[in-house]
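Worksheet for the structure shown next.
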Amino acid sequence: MPMFGDSMDLKSNSPILTDPIPISKPKLDFHDSLLPYSSSEVFSQGPFLTIPWRKPGLLDDVLSTSWLDAMKSSSPRNIMKYNGNEFSPNDADVAYHNWMLKYPSALTSIEHIVNNAKGKRIALFLDYDGTLSPIVDNPDHAFMSNAMRAAVRNVAKCFPTAIISGRSREKVRKFVGLKELYYAGSHGMDIMCPVQSPADHTTEVNEGNLYQPASEFLPMINEVFTSLVETTKNIEGAKVENNKFCVSVHYRNVDEKSWKAVADYVQDTLKRYPRLRLTHGRMVLEIRPVLKWDKGKAVEFLLESLGLSSCDDVLPIYVGDDRTDEDAFKFLREGNRGYGILVTPAPKESSAYYSLRDPSEVMEFINLLVIHKKLVP
Ligand SMILES: O=P(O)(O)OC[C@H]1O[C@H](O[C@H]2O[C@H](CO)[C@@H](O)[C@H](O)[C@H]2O)[C@H](O)[C@@H](O)[C@@H]1O
């Protein structure tokens with residue numbers, strides 16, 4: 001089990017993890033009531049968020065040597081970095097405590113959150129790996145607990161609830177095993193659309209109603225999957241996962257000496273497929289279409305489909321642990337639409353408002369939402 005968050009460093013010295021465009025102080029017009037802290041406090045520390053810069057036709061990350069730096073910084077074995085400072089494990093508690101001034105716990109902030117939800121409808125978005133299920137070595141064994149399943153089932157009875165995952169929609173649906181939710185797989189590129197009945201405004205999930213903005217990439221993704229399975233087959237521990245509209249190349253179980261070989265194979269593949277790009281996850285390289293579509297877009301799309309896109313009477317909450325979840329946090333923050341909650345046991349730069357340490361705290365938070373809903377219907 002990782003000691004700290006696996007992809008803990010969005011601001012490392014490596015060019016891979018930082019945005020090559022200088023970021024000025026964001027001009028975001030927040031309502032103070034939504035903020036868990038004062039906005040001047042948040043932005044006084046300089047550039048706020050570094051996310052990979054996406055430009056169609058370019059790889060997110062250019063050289064495999066740099067990829068290697070990114071892969072190393074994604075390893076829990078490496079020292080923890082936050083805001084340019086390095087922390088030894090002994091400093092970790094102090095660092096986490098200080099970091100929480102900026103990203104307070106969603107558990108201790110529950111009153112603030114539900115107060116802001118008064119007169120509004122909460123819409124809940126949940127990432128899967130690292131959020132509902134703990135991170136484990138074998139991606140096929142990332143099961144969620146029955147207690148977590150019960151919590152998600154209960155919360156879905158209170159609020160519209162969607163799972164947005166990097167995995168294929170079918171796979172994540174199988175893991176979660178609840179039919180009363182909405183599912184978006186492949187980082188939001190495969191959405192089972194809820195259908196609204198014009199008569200009574202109820203929604204139902206219609207199997208035939210899929211939104212798949214990357215459907216033309218399907219043959220290409222399959223080719224890449226087959227090719228990477230073949231090329232990496234001799235690297236012990238490497239695992240290639242077909243997530244339908246994206247491919248994950250896991251190096252969690254690969255000896256660090258062979259990480260470069262993994263990066264080289266992925267880079268070679270991307271050279272052959274310029275319409276695909278790379279993103280980094282938790283000890284995983286992810287290949288996906290060069291498409292302006294991400295988890296943020298998926299949240300926007302689902303809110304529209306559910307008839308919940310009006311900011312005035314809806315409070316979307318998104319809970320996630322990974323870099324790809326930042327797109328959703330950013331979408332909520334930029335429009336002053338709702339709350340992002342970052343799940344992490346270690347300090348990380350984020351566009352989220354709040355934090356939770358691990359999936360067990362996520363479950364606690366979900367249960368608190370249900371309790372509050374029952375107390376104040
Ligand atoms: O968006 P998510 O639902 O968080 O999916 C992101 C990736 O999650 C999975 O990989 C991660 O979890 C594995 C199981 O704990 C772990 O072994 C791996 O190292 C992590 O990167 C999944 O296997 C990927 O396909 C998803 O893209």
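Nothing fancy with the numbering, it's 1 onward along the sequence. Atoms within a ligand are numbered from 1 in the order they appear, just like the ligands themselves.
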Can you find an N/O atom of [X] closer than 3.5 Å to an N/O atom of ligand 1?
| X | answer |
| --- | --- |
| I164 | no |
| V136 | yes |
| D325 | no |

Could you list the residues that satisfy salt bridge (Lys or Arg N to Asp or Glu O under 4.0 Å) with R121, not counting sequence neighbours? none

Atom indices of ligand 1 within 4.0 angstrom of [X] heavy atoms, with elements:
| X | result |
| --- | --- |
| V284 | 21 (O) |
| G166 | 1 (O), 2 (P), 3 (O), 5 (O), 27 (O) |
| E241 | 22 (C), 23 (O), 24 (C), 25 (O) |
| Y128 | 3 (O) |
| S248 | 24 (C), 25 (O), 27 (O) |
| D137 | 17 (O) |

Checking T269 now: which residues fulfil side-chain contact (heavy atoms from CB on, under 4.5 Å) with it, not counting sequence neighbours? V224, L228, R272, Y273

Which is it for P134 and ligand 1 at heavy atoms under 4.0 Å: side chain, backbone, both or neither? backbone

Between H280 and ligand 1, find which residue part has any heavy-atom pair under 4.0 Å and reply side chain, backbone, both or neither. neither

Where does the angle between the aromatic ring planes of W99 and Y96 fall among parallel (under 30°), tilted (30 to 60°) and perpendicular (over 60°)? tilted

Best match, [options]: closest heavy atom to [atom]:
| atom | options | answer |
| --- | --- | --- |
| atom 26 (C) of ligand 1 | H250, E286, K171 | E286 |
| atom 6 (C) of ligand 1 | D322, T131, L126 | D322 |
| atom 9 (C) of ligand 1 | D129, L132, V240 | D129 |

Just do the salt bridge (Lys or Arg N to Asp or Glu O under 4.0 Å) check on K102 and E349 with the steps written out, would you? CA-CA 10 Å; K102 191 169 161 186; E349 285 287 350; 3.5 Å; yes

H141 near ligand 1, heavy-atom distance under 4.0 Å? no

Between CD1 of I371 and CD1 of I110, what distance do you get to the nearest 0.5 Å? 9.0 Å

Does D190 use its side chain to pair, donor to acceptor, with the backbone of S186 at less than 3.5 Å? no

Salt bridge or not for [X] and [Y], using N-O below 4.0 Å?
| X | Y | answer |
| --- | --- | --- |
| E334 | K330 | yes |
| D129 | R282 | no |
| E170 | R173 | no |

Less than 4.5 Å apart, any side-chain heavy atom of M100 and any of Y354? no

